[in-house]
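Read through the structure below, which is laid out as structure tokens, and then see the notes.
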Amino acid sequence: MSHPHNYIPENAPKAYLERVFINSRPRQITFAGMVGAYRLHVLEMTEYYQPLIAGNGEPYIANAIINDRNGIHGIFGPIKHYLLIIDKQPVAIYDTEGRYISSAEGERPNSAAGYARVSGTNAVLQIKDK
């Protein structure tokens, strides 16, 4: 699956799981800049949109989470939990084993952006929070 490198909440898919990491900064900042924020934070669930809005998406959510590196991300490290977002609205929180924790009342999608700028022989990588 091809992911855009310019992910922002405005161009997010209709349904996705957002990885919420324990660490706010990546362990491997260079790779984070090269891979892009979208691939690091988003597990796209758009193909399961209809079952998700109908309330029958639990098996798809659990399967996606279980297949997602066992709760440890190679660049950011441990995952705290997953946030289910449907139509740009946070819906529910799931643990790293795919179990429902709670509703996502008061949660907000991550707005962090990563970018890289290369000039001459010096490369500068910056992570900024919006």
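To the nearest 0.5 Å, atom NZ of residue Lys80 and atom CD1 of residue Ile93 are 8.5 Å apart. Here the CD1 atom belonging to Ile86 is positioned 11.0 Å from the OH atom belonging to Tyr16, to the nearest 0.5 angstrom. Distance CG/Leu84 to NE2/His81: 11.5 Å, rounded to 0.5 Å. Considering CD1 of Ile65 and OH of Tyr94, their distance stands at 7.5 Å, rounded to 0.5 Å. Taking CD1 of Ile101 as the start and CG of Asp95 as the end, the distance is 5.0 Å to the nearest 0.5 Å.
Between Tyr60 and Tyr48, the ring-plane angle classifies as parallel under the 30° and 60° cut-offs.
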(Q) Is there a side-chain contact (heavy atoms from CB on, under 4.5 Å) between Val20 and Tyr82? Walk through the geometry before answering. (A) CA-CA 6 Å; Val20 178; Tyr82 292 84; over 6 Å; no
**Q.** side-chain contact (heavy atoms from CB on, under 4.5 Å) between Ile61 and Leu52, worked out
**A.** CA-CA 9 Å; Ile61 294 167; Leu52 287 170; 3.5 Å; yes
**Q.** Pair Ile79-Asp68, side-chain contact (heavy atoms from CB on, under 4.5 Å): steps then yes or no
**A.** CA-CA 10 Å; Ile79 297 170; Asp68 187 43; 3.8 Å; yes
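Under a hydrophobic-cluster definition in which Ile, Leu, Val, Met, Phe, Trp and Tyr are linked whenever side-chain heavy atoms come within less than 4.5 Å, directly or via other members, Tyr100 and Leu43 are assigned to the same cluster.
With hydrogens and angles disregarded, no donor-acceptor distance shorter than 3.5 Å links the side chain of Asn63 to the backbone of Pro59.
Between Glu44 and Thr46 the shortest heavy-atom distance is OE2-OG1, 3.3 Å. For Gly98 against Ala62, the heavy-atom pair with the smallest separation is O-CB, 3.8 Å. Shown here for Ile85 and Pro90, the closest heavy-atom pair between the two residues is CG1-CA, 4.1 Å.
For the residue pair Asp87 and Tyr49, a side-chain donor N or O sits within less than 3.5 Å of a side-chain acceptor on the partner.
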